[in-house]
Amino acid sequence: MADLQLTDHVPREADDGVWLACIECGESFAPFDTVRYTCDDCDGLLEVRYADLPTWEDFEDEGRGVWRYHETLPFEEGVTLPEGDTQLHTAPRLRDDIGVANLRIKHEGMNPTGSFKDRGMTVGVRVAQEVGVDRLACASTGNTSAALAAYGARAGLETLVLLPAGKVAAGKIAQAALHDARILEVDGNFDQCLDIVQDLAARGEVYLLNSLNPFRLEGQKTIGLEIMEEHYADHGEYPDRIVLPVGNAGNTAALYKCFRELVKAGAITEDQVPKLTGVQAEGAAPMVEAIQEGNDETRRWDEVETIATAIRIGNPVNAPKALPGIRETGGTAVAVSDEQITAAQRDVARQGIGVEPASAASVAGLRKLRRQGEIDADESVVCLTTGHLLKDPDAAAEAGRKPEPVPNDTDAILEHIDDRSSVVETVRRQASKAADSPLIPLVAGGLGAAYLYRKLRSKK
Ligand SMILES: N[C@@H](CCOP(=O)(O)O)C(=O)O
């Protein structure tokens, strides 16, 4: 691993040992004296810094969830529903199928509003209270708006969400609506919505709670703390790699910050930092492009398209934080097709874990990189799944087995479930799984034909 950026000094502006620092020019700012999202001097991204960083012992006896880690957050507690403490599932059949030594799935869909955004929002809304704003806003592909609406409602604050019209999954709009956010459907894409929210924030009309707000990422870095603690407790070692979907690149930035702080605190060594491996959809892959071309910035993609609506983003605002995170941890980035994403969504669901399409991109990316030999068979890997299956019921229904109309009669139903049509369905499913493998079509075709032949003979 290349060296992690660890240098710091406590500036005069530090408030209780917390301050904001520009990642470009290093200028520091008091954290809560005024609302700011980027550097006053150079407009670079800001990062929250602490004079004292805790280590594992400091988290003992601290309960569960995001606020377990309050020693590494700007406040003792926040507006909570509560969030975090999500499952780190095993997935043995998928592990063997993909061919890695160890596979765990960190399912962030189990947060209160069904995505990891809740971790950022519990901290972000607490900061909103501190700086004294009353109208919260975000641009969103859906999950951020659901979390903003819920946490804003909990705090009794007004919420405004800007969504790309016709491009947000049904479950997410339903959440924002019921939590009483004002939903503005913009005739544009997510990146254009975020441009407008930034304008509104610059004019002092709203408090912006997208991941451009550095306090959001403080909450999200607790994903990394939970993964490291639980993986070590279960396996006696930290994971070699974390594979995650990349949209606005907030989680990649947050995990990188988490690991830098753990190294600086002496909780882990540089060699124990997991390789951050980002996955994007082929139709929205500016981060993959930047990694592959060795660029320090992403090129804005004006046209983006993918079934994975949560990562349908062409201008990831956290790229300046996330690109070094991927490079300096020895990770990589890969793009996957919508077909690979849907196949992975089925694979994960058949382990009993229901995730939305963008989440499944992590598993699709792992499979692709493993096939390409870029991930070794002896690696211990954690895939991050960011949102729950029910966020996007249409995609789930499309990817899953179709309902079969049957007569209202037991004998007819028995006849139906032993019928050739169910055999055809079995063959169809095998063929669909085979789409991802060069060998399986032959095997599946053979098995399917044999099964069909046996069924037809038994009917004579
Ligand atoms: N996928 C996101 C896009 C916005 O990301 P953020 O982390 O900057 O809020 C969403 O759910 O809206």
Side-chain angles (χ1 to χ4, degrees), residues 37-38 45-46 108-109 111 113-125 128 136-152 159-164 167-173 175-176 181 183-186 188-198 201 206-221 223 244-255 257 278-281 284 286-287 298 304 306-322 355-359 361-362 384-388 391-392:
Y37 310 99
T38 54
L45 295 181
L46 296 176
E108 285 295 294
N111 275 295
T113 77
S115 87
F116 69 92
K117 307 287 182 179
D118 298 342
R119 292 181 186 265
M121 234 29 109
T122 185
V123 178
V125 174
L136 314 178
C138 70
S140 185
T141 57
N143 284 331
T144 298
S145 64
L148 180 84
Y151 282 80
T159 54
L160 189 66
V161 303
L162 276 74
L163 311 182
K167 298 291 187 184
V168 177
K172 304 175 186 184
I173 297 186
Q175 289 180 290
I183 302 173
L184 306 185
E185 292 191 320
V186 177
N189 61 27
F190 165 80
D191 303 295
Q192 292 164 330
C193 292
L194 186 52
D195 291 341
I196 295 170
V197 175
Q198 284 185 253
V206 301
Y207 184 64
L208 177 150
L209 271 170
N210 281 102
S211 57
L212 182 67
N213 184 320
F215 294 105
R216 271 271 315 271
L217 301 187
E218 292 307 285
Q220 287 169 220
K221 80 184 179 190
I223 299 172
L244 71 164
V246 178
N248 230 1
N251 274 341
T252 315
L255 288 171
K257 183 170 194 281
V279 186
Q280 295 193 297
M287 286 280 291
T298 48
V304 280
T306 167
I307 187 178
T309 53
I311 53 173
R312 193 191 268 152
I313 293 175
N315 185 36
V317 288
N318 289 295
K321 291 178 174 176
V355 305
E356 68 165 314
S359 303
S362 60
L384 191 64
T385 55
T386 43
H388 197 277
K391 288 284 194 170
D392 193 343

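Ligands are counted one by one from 1 in listed order, and the atoms in each one are counted from 1 as well. Residues take their numbers from the sequence shown, with the count starting at 1. None of these values were measured; they are calculated from a predicted model.
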Checklist entry - Under the 3.5 angstrom rule, does the side chain of N318 hit a backbone N or O of A253 as a donor-acceptor pair? => result no
Next on the checklist: Could you check whether T386 and S115, counting side-chain N and O atoms only, form a donor-acceptor pair closer than 3.5 Å?
Outcome noted: no
Checklist entry - So, E108 and R119, do they make that salt bridge, N to O below 4.0 Å? => result yes
Next on the checklist: Distance under 4.0 Å, heavy atoms only, partner ligand 1: which residues pass?
Outcome noted: K117, S140, T141, G142, N143, T144, F190, N210, S211, R216, N248, A310, I313
Next on the checklist: As an exercise, state the distance from CG of L162 to CG of L184, rounded to the nearest 0.5 Å.
Outcome noted: 4.5 Å
Next on the checklist: Donor-acceptor check, side chain of T309 to backbone of V168, threshold 3.5 angstrom: yes or no?
Outcome noted: no
Checklist entry - Rounded to the nearest 0.5 Å, what separation is found between the CZ atom of R216 and the CG atom of L208? => result 9.0 Å
